[in-house]
Amino acid sequence: MRKTRPFCAGWGLVAKRLVDNRKFYPKQRTDDFVRIASVSTLNATLANDFTRFYQEAAKKVHAAVDPLTDEQIWTRPYPYGNSIGHLLLHLTGNLSYYIAGEIGGSGYVRNRPLEFTDTSRAPKAVLLKIFNGTIEMVAAVLQKQSEQDWATAYTAKGFEDCGDRFTAFLRCAAHLSHHTGQIIYLCKELERQREA
């Protein structure tokens, strides 16, 4: 079997050759490293891009959920799944605990099982208002991160192997994306059932 190198193997040598080649970088000294961005620029980019991602996910949730009634929010289109209302409670609990509570210091105490079993059936407007407030808290915490904060040690119940704050923000973003997709799918199924 022929051994192959990873796709990115050797790119360091290519970059060094380009820097060393005065034809491409005539004013660049060979011992300098071409800087793509300063650390402070990277810090702002991380905070702003994560913030934008969380806010755009919230807009997708709104676009999918806004046409639904309060009753539809709590309907389970499949016997084995969750309602949209329970997924909104779950996303709110997840972000309120891992980001607003553990990083932002809000003091949020999570009751994860209740996120999937709550029987109060709060109106859609109430669920979305709380969800929006949570997204705003996440954005505020993100904007307060300093260059050193991204690498700050992070561990929480369920995130024991997380390592640092950057990974916590990344995992929460992936979690939000996952359940946003589920909410969109459930909305489509509710619409299909209504039209059938």
Side-chain angles (χ1 to χ4, degrees), residues 6-16 18-20 25 27-63 65 87-112 114-115 126-184:
F7 172 75
C8 60
W11 281 106
L13 293 174
V14 171
K16 183 174 182 339
L18 286 173
V19 170
D20 288 347
Y25 297 100
K27 295 179 182 177
Q28 184 73 37
R29 292 193 330 236
T30 56
D31 58 341
D32 283 346
F33 177 77
V34 178
R35 294 184 67 174
I36 297 171
S38 69
V39 175
S40 60
T41 302
L42 178 60
N43 183 59
T45 299
L46 286 172
N48 293 336
D49 284 354
F50 268 125
T51 298
R52 186 173 67 244
F53 177 86
Y54 284 103
Q55 291 170 339
E56 287 175 0
K59 286 178 187 175
K60 290 177 184 176
V61 168
H62 272 273
V65 169
L87 289 175
L88 284 170
L89 289 175
H90 177 56
L91 287 171
T92 299
N94 178 277
L95 296 172
S96 295
Y97 175 66
Y98 288 120
I99 296 179
E102 293 296 308
I103 298 175
S106 72
Y108 181 83
V109 177
R110 188 178 190 191
N111 184 348
R112 189 178 185 279
L114 188 61
E115 296 165 13
V126 171
L127 290 174
L128 289 174
K129 183 178 181 181
I130 296 169
F131 177 69
N132 291 342
T134 302
I135 295 294
E136 288 173 13
M137 281 194 292
V138 168
V141 172
L142 276 162
Q143 295 304 314
K144 290 179 182 174
Q145 298 308 294
S146 70
E147 294 168 7
Q148 295 76 28
D149 287 338
W150 298 102
T152 299
Y154 181 97
T155 185
K157 185 176 182 180
F159 271 23
E160 289 84 2
D161 64 337
C162 195
D164 56 46
R165 287 185 180 182
F166 173 83
T167 304
F169 284 114
L170 185 62
R171 283 188 184 179
C172 286
H175 181 261
L176 175 60
S177 180
H178 171 74
H179 287 304
T180 298
Q182 287 182 330
I183 288 170
I184 292 168

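With rounding to the nearest 0.5 angstrom, the OH atom of Tyr98 is 5.5 Å from the CZ atom of Arg110. Distance check: Phe169 CZ to Thr167 OG1 gives 11.0 Å after rounding to the nearest 0.5 Å. Here the NE2 atom belonging to His90 is positioned 5.0 Å from the CZ atom belonging to Arg112, to the nearest 0.5 angstrom. Atom CZ in Arg165 sits 11.0 Å away from atom CD1 in Ile99 (nearest 0.5 Å).
Although no hydrogens or angles enter the test, the distance criterion places no donor-acceptor pair under 3.5 Å between the side chain of Ser96 and the main chain of Gly93. Asn43 places a side-chain N or O within donor-acceptor distance of the main-chain N or O of Gln145, the cut-off being under 3.5 Å. Not one N or O on the side chain of Glu136 forms a donor-acceptor pair closer than 3.5 Å with the backbone of Thr134. Formation of a donor-acceptor pair under 3.5 Å by the Ser106 side chain with backbone atoms of Ala100 is found in this model. At distances below 3.5 Å, not a single donor-acceptor pair connects side-chain atoms of Ser177 with backbone N or O atoms of Ala173.
Between the side chains of Trp150 and Asp164, not a single donor N or O lies within less than 3.5 Å of an accepting N or O. Defined by atom type and a distance below 3.5 Å, a donor-acceptor pair is present between the side-chain atoms of His62 and Asn132.
With sequence neighbours excluded, the residues that form a ring-ring contact (aromatic ring centres under 6.0 Å, His included) with Phe166 are Phe50.
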